[in-house]
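To keep things clear, I will list the structure first and then write my remarks on it.
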Amino acid sequence: MALNWTMLNPNRSPVPLPNEMTITTVDTGVDLSLTIPDSEPVGHETAGGSGGSRKLKALGKIWLTDQRLIFTSDLTNASFESLSVPLHSVLSTKFEQPTFSSNYLSFEIKPSAEGGLNPGTRAELRFKDRAMFEFVSLLEKTRERAIYMKRRSAEEEEGLQDGKSWIGRTLLLGDCVRFRFRILELPGYPKALNESSKDVGDGSHVIYEA
């Protein structure tokens, strides 16, 4: 996440990322407060490790997209201008319902490098003019999907990297799988596989595994 780094249009709406889709917006009465540790918390502490923390607060608008949670202040008595949080950088959320005050959403954020925040940063989001439950529900569902898509993308990329050494893979009848690959492209090629492989005469080996 990054503080005051959001690219804005002249009307102060966020410039969308490629293929980014807006899910919902709240145009008025959004109260966002940030607690930023001066250093990373230690153990179960919530404040900074040595110098405490600083608090920022602003009123403005909020956008929920399929990729980010974005806040822009109305610049009146605001201590910051904007906040952009990739959904996968929202580490935890908690919907608070106090008895004698308004409901609010508390969440912890993983900061981006050089983004103006520190590990352990927490945010509290309140709506002055409307109920929060519908927005919180949308946020949780969208965040879960964003985390899933990022994890799947990482797994696919890892699979592509692992697959660079393999020439091909063919499923045979029964419970055997035949792997064709060039030995020189497999660093640390195990001796056991070498002994169980069969030379097919074209610089490749075929291995049968039950």
Side-chain angles (χ1 to χ4, degrees), residues 1-6 12-14 16-17 20-38 40-49 52-112 115-153:
M1 84 179 250
L3 188 67
N4 298 329
W5 280 86
T6 309
R12 294 189 57 75
S13 64
L17 300 174
E20 187 173 26
M21 181 179 66
T22 298
I23 305 297
T24 189
T25 62
V26 180
D27 294 329
T28 59
V30 179
D31 182 327
L32 181 64
S33 59
L34 299 173
T35 302
I36 307 172
D38 295 331
E40 186 172 358
V42 177
H44 298 289
E45 298 296 328
T46 56
S53 61
R54 60 190 174 107
K55 296 182 181 296
L56 305 179
K57 186 174 182 178
L59 288 174
K61 305 177 182 180
I62 200 161
W63 284 259
L64 173 62
T65 78
D66 59 344
Q67 300 183 42
R68 296 182 293 170
L69 183 66
I70 308 161
F71 173 86
T72 61
S73 73
D74 59 14
L75 298 180
T76 303
N77 298 322
S79 52
F80 62 97
E81 181 178 354
S82 67
L83 179 72
S84 178
V85 187
L87 294 179
H88 59 79
S89 293
V90 178
L91 300 181
S92 62
T93 63
K94 187 176 183 181
F95 184 43
E96 302 282 5
Q97 297 177 285
T99 303
F100 300 109
S101 60
S102 61
N103 298 341
Y104 66 94
L105 178 67
S106 173
F107 55 99
E108 183 179 352
I109 310 160
K110 178 182 178 180
S112 302
L117 300 168
N118 293 324
T121 295
R122 296 200 64 85
E124 292 184 1
L125 181 67
R126 293 175 171 84
F127 293 165
K128 292 184 175 295
D129 305 324
R130 57 182 284 179
M132 291 197 71
F133 184 79
E134 182 180 357
F135 180 88
V136 171
S137 178
L138 275 174
L139 172 61
E140 289 297 338
K141 291 176 181 177
T142 310
R143 171 176 170 255
E144 287 175 4
R145 175 169 176 78
I147 292 172
Y148 167 77
M149 294 301 293
K150 183 175 179 62
R151 183 181 298 119
R152 191 176 74 171
S153 177

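Hydrogens, waters and symmetry mates play no part in the numbers below; they use all other heavy atoms, side chains included.
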ask   = Quick one: CZ on Arg122 to OG on Ser33, what's the gap to the nearest 0.5 Å?
value = 11.0 Å

query = Hey, what do you get for OG (Ser79) to CZ (Arg54), rounding to the nearest 0.5 Å?
reply = 9.0 Å

query = Short question: side chain of Ser137, backbone of Glu134 - any donor-acceptor pair under 3.5 Å?
reply = no

Pairs involving residues 55-66, ordered by first then second residue, that meet side-chain hydrogen bond (donor to acceptor under 3.5 Å, both in side chains) (sequence neighbours left out) = Glu20-Thr65, Thr35-Lys55

task = Given side-chain contact (heavy atoms from CB on, under 4.5 Å), test Leu83 with Leu117 step by step and report yes or no.
result = CA-CA 10 Å; Leu83 179 72; Leu117 300 168; 4.1 Å; yes

query = When the ring centroid of Phe95 is compared with that of Tyr104, is the distance short of 6.0 Å?
reply = no

task = Verify side-chain contact (heavy atoms from CB on, under 4.5 Å) between Leu32 and Arg126, making sure each step is shown before the conclusion.
result = CA-CA 6 Å; Leu32 181 64; Arg126 293 175 171 84; over 6 Å; no

query = Backbone N or O of Ile147 within a donor-acceptor pair of the Arg152 side chain at under 3.5 Å?
reply = no

task = Could you walk me through whether Leu91 and Ile109 pass side-chain contact (heavy atoms from CB on, under 4.5 Å), step by step?
result = CA-CA 5 Å; Leu91 300 181; Ile109 310 160; over 6 Å; no

task = Identify the heavy atoms of Leu105 and Leu139 that sit nearest to each other, and give their distance.
result = CD2-CD2, 3.4 Å

task = For residues Leu34 and Ala123, report the shortest heavy-atom separation together with the two atoms involved.
result = CD2-CB, 3.6 Å

message = A side-chain contact here means heavy atoms from C-beta on lying under 4.5 Å apart; do Arg130 and Val26 qualify?
response = yes

task = Give me the ring orientation class for Phe127 and Phe135: parallel if the planes are under 30° apart, tilted from 30 to 60°, perpendicular past 60°.
result = perpendicular

task = State whether Lys94 and Glu96 are salt-bridged, where the test is any N-O pair (Lys NZ or Arg NE/NH1/NH2 against Asp/Glu carboxylate O) under 4.0 Å.
result = yes

query = What distance separates Thr142 OG1 from Arg68 CZ, expressed to the nearest 0.5 Å?
reply = 14.0 Å

key: side-chain hydrogen bond (donor to acceptor under 3.5 Å, both in side chains) partners of Arg12, counting only residues at least two apart   = Glu81

ask   = Between Ala58 and Ser73, which heavy-atom pair has the shortest distance, and what is it?
value = CB-CB, 3.8 Å

request  = Compare every heavy atom of Asn103 with every heavy atom of Gln97, then report the nearest pair and how far apart it is.
outcome  = CA-OD1, 3.2 Å

query = Does any non-hydrogen side-chain atom of Ile62 lie less than 4.5 Å from one of Leu125?
reply = yes

request  = Take Glu108 and Thr121 through the side chain to side chain donor-acceptor pair (under 3.5 Å) test and state the conclusion after the steps.
outcome  = CA-CA 6 Å; Glu108 183 179 352; Thr121 295; over 6 Å; no

query = How long is the span from the OG atom in Ser84 to the CG atom in Asn4, to the nearest 0.5 Å?
reply = 11.0 Å

request  = Run the numbers on Thr22 and Leu64 for side-chain contact (heavy atoms from CB on, under 4.5 Å), then give the verdict.
outcome  = CA-CA 6 Å; Thr22 298; Leu64 173 62; over 6 Å; no

key: Value rounded to 0.5 Å, distance of CG in Asp74 from CG in Leu59   = 5.5 Å

ask   = Between Arg143 and His88, is there a donor-acceptor pair closer than 3.5 Å when you use the side chain of the first and the backbone of the second?
value = no

request  = Give a yes or no on whether a salt bridge exists between Lys141 and Glu144, defined as a side-chain N under 4.0 angstrom from a carboxylate O.
outcome  = no

message = For the CG atom of Leu3 and the CD1 atom of Ile36, what is their distance to the nearest 0.5 Å?
response = 5.5 Å

